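Right, one structure below, let's go through it.
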Amino acid sequence: DAGITQSPRHKVTETGTPVTLRCHQTENHRYMYWYRQDPGHGLRLIHYSYGVKDTDKGEVSDGYSVSRSKTEDFLLTLESATSSQTSVYFCAISEPRTPAAFFGQGTRLTVV
Amino acid sequence: GDSVTQMEGPVTLSEEAFLTINCTYTATGYPSLFWYVQYPGEGLQLLLKATKADDKGSNKGFEATYRKETTSFHLEKGSVQVSDSAVYFCALAPPGGYQKVTFGTGTKLQVIP
């Protein structure tokens, strides 16, 4: 298995609170991604990173921010969580010119 | 924009049956096409891919052929096993845009002994 670790694996938080999800890789891949998975939508890209401090928005980036200060870590922050952000969040990694091939086990986030 | 349409699931098959999961796409140009698999409780894994028309991607007994004329990329396997029970996602990436993959909604496959 590719070395991708997401933390926490499960979290329940209240509306309006900030939340940070962490993705850690040991593969030294250049690209890292955050997706959300919701019933009826498949996976949708939130943000991705193509290097340290280099990030770009995906399809559903509103309400989310990301940071990458080291190659191995990619953080996803919900500044003020809303119930619509209840979802399963997946981190993924890839090398240049390849699609996301390795995914973490996911973080189930519930906003109440 | 780009989109992927998969057949509704769940699909329930007996062990050793033939599997087809339909996938069609809408995109400009010549996208790359992928199938991903998600086993229960796990993240997705890239199963196979095809990057140009008439290419056949294959892996673990699964295969899919890139059909430009019908904009399709159907997943097939000749003899399924219980261990193939999972959710399968069809996906595409625009030319030069591997970072922005568009996923279908997934098709759940259940294989019964």
Side-chain angles (χ1 to χ4, degrees), chain A residues 1-7 9-10 21 23-25 27 29-51 54-61 66 68 74 87-108, chain B residues 1-10 21 23-27 30-52 55 57 59-60 64 66 73 75 86-108:
Chain A
D1 289 343
I4 306 175
T5 305
Q6 290 185 230
S7 58
R9 293 292 312 282
H10 302 271
L21 308 183
C23 178
H24 178 79
Q25 63 148 330
E27 305 295 322
H29 279 40
R30 180 179 168 190
Y31 286 80
M32 299 185 74
Y33 309 80
W34 278 107
Y35 288 90
R36 59 179 290 174
Q37 184 178 33
D38 303 290
H41 287 279
L43 272 78
R44 292 180 290 174
L45 181 65
I46 304 171
H47 282 280
Y48 71 97
S49 168
Y50 49 97
D54 293 322
T55 65
D56 201 358
K57 295 179 179 180
E59 178 186 357
V60 290
S61 59
V66 290
R68 192 169 178 199
F74 192 34
S87 186
V88 180
Y89 291 85
F90 286 98
C91 175
I93 61 174
S94 76
E95 293 282 52
R97 294 182 296 282
T98 65
F102 304 108
F103 286 72
Q105 291 186 291
T107 295
R108 184 173 294 277
Chain B
D2 296 348
S3 66
V4 176
T5 302
Q6 293 182 233
M7 61 189 291
E8 289 282 337
I21 299 178
C23 170
T24 57
Y25 67 89
T26 301
Y30 290 83
S32 295
L33 302 174
F34 314 99
W35 277 100
Y36 286 81
V37 58
Q38 184 179 28
Y39 297 104
E42 298 183 10
L44 278 71
Q45 303 173 31
L46 180 61
L47 180 60
L48 54 84
K49 66 178 181 181
T51 57
K52 60 183 187 293
D55 263 3
N59 187 24
K60 298 182 180 180
Y66 189 144
F73 193 54
L75 182 68
V87 181
Y88 292 84
F89 292 88
C90 186
L92 68 80
Y98 279 131
Q99 284 65 52
K100 297 198 173 184
V101 176
T102 298
F103 288 85
T105 54
T107 302
K108 184 175 183 178

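Owing to the predicted nature of the structure, the values given are computational and were not obtained by experimental measurement. Each chain gets a letter, A, B and so on, in the order its sequence line appears, and its residues count up from 1.
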In terms of heavy-atom proximity below 4.5 Å to chain B, should [X] be classed as side chain, backbone, both, or neither?
X       : result
A:Gln37 : side chain
A:Tyr50 : neither
A:Asp56 : side chain
A:Leu45 : side chain

With a 4.5 Å cut-off on heavy-atom pairs, point out which of [options] contacts chain A the most.
options                             : value
B:Gln99, B:Glu42, B:Lys100, B:Lys49 : B:Gln99
B:Leu46, B:Thr102, B:Thr105         : B:Thr105
B:Ser32, B:Gly43, B:Gly97           : B:Gly43

With a sphere of 6.0 Å drawn around [atom1] of [X], does it hold more than 12 non-hydrogen atoms of other residues, nucleotides or ligands?
X        : atom1 : value
B:Tyr39  : OH    : yes
B:Lys108 : NZ    : no
A:Arg9   : CZ    : yes

Nearest heavy-atom pair of B:Tyr36 and A:Ala100: which atoms, and what distance?
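That would be OH-O, 2.5 Å.
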
Closest non-hydrogen atom pair, A:Gly42 against B:Phe89:
CA-CE2, 4.0 Å

Within-4.5 Å side-chain heavy-atom neighbours: B:Gln38 and A:Phe103
no

Between B:Tyr98 and A:Tyr31, does a side-chain contact (heavy atoms from CB on, under 4.5 Å) hold up when you go through it step by step?
CA-CA 10 Å; B:Tyr98 279 131; A:Tyr31 286 80; over 6 Å; no

Close contacts, residues 3-10 of chain B versus chain A, judged by heavy atoms under 4.5 Å:
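Interface residues of residues 3-10 of chain B: none, nothing closer than 4.5 Å to chain A.
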
If you tally heavy-atom pairs under 4.5 Å between each of A:Arg97, A:His41, A:Glu59 and chain B, the highest tally belongs to A:Arg97

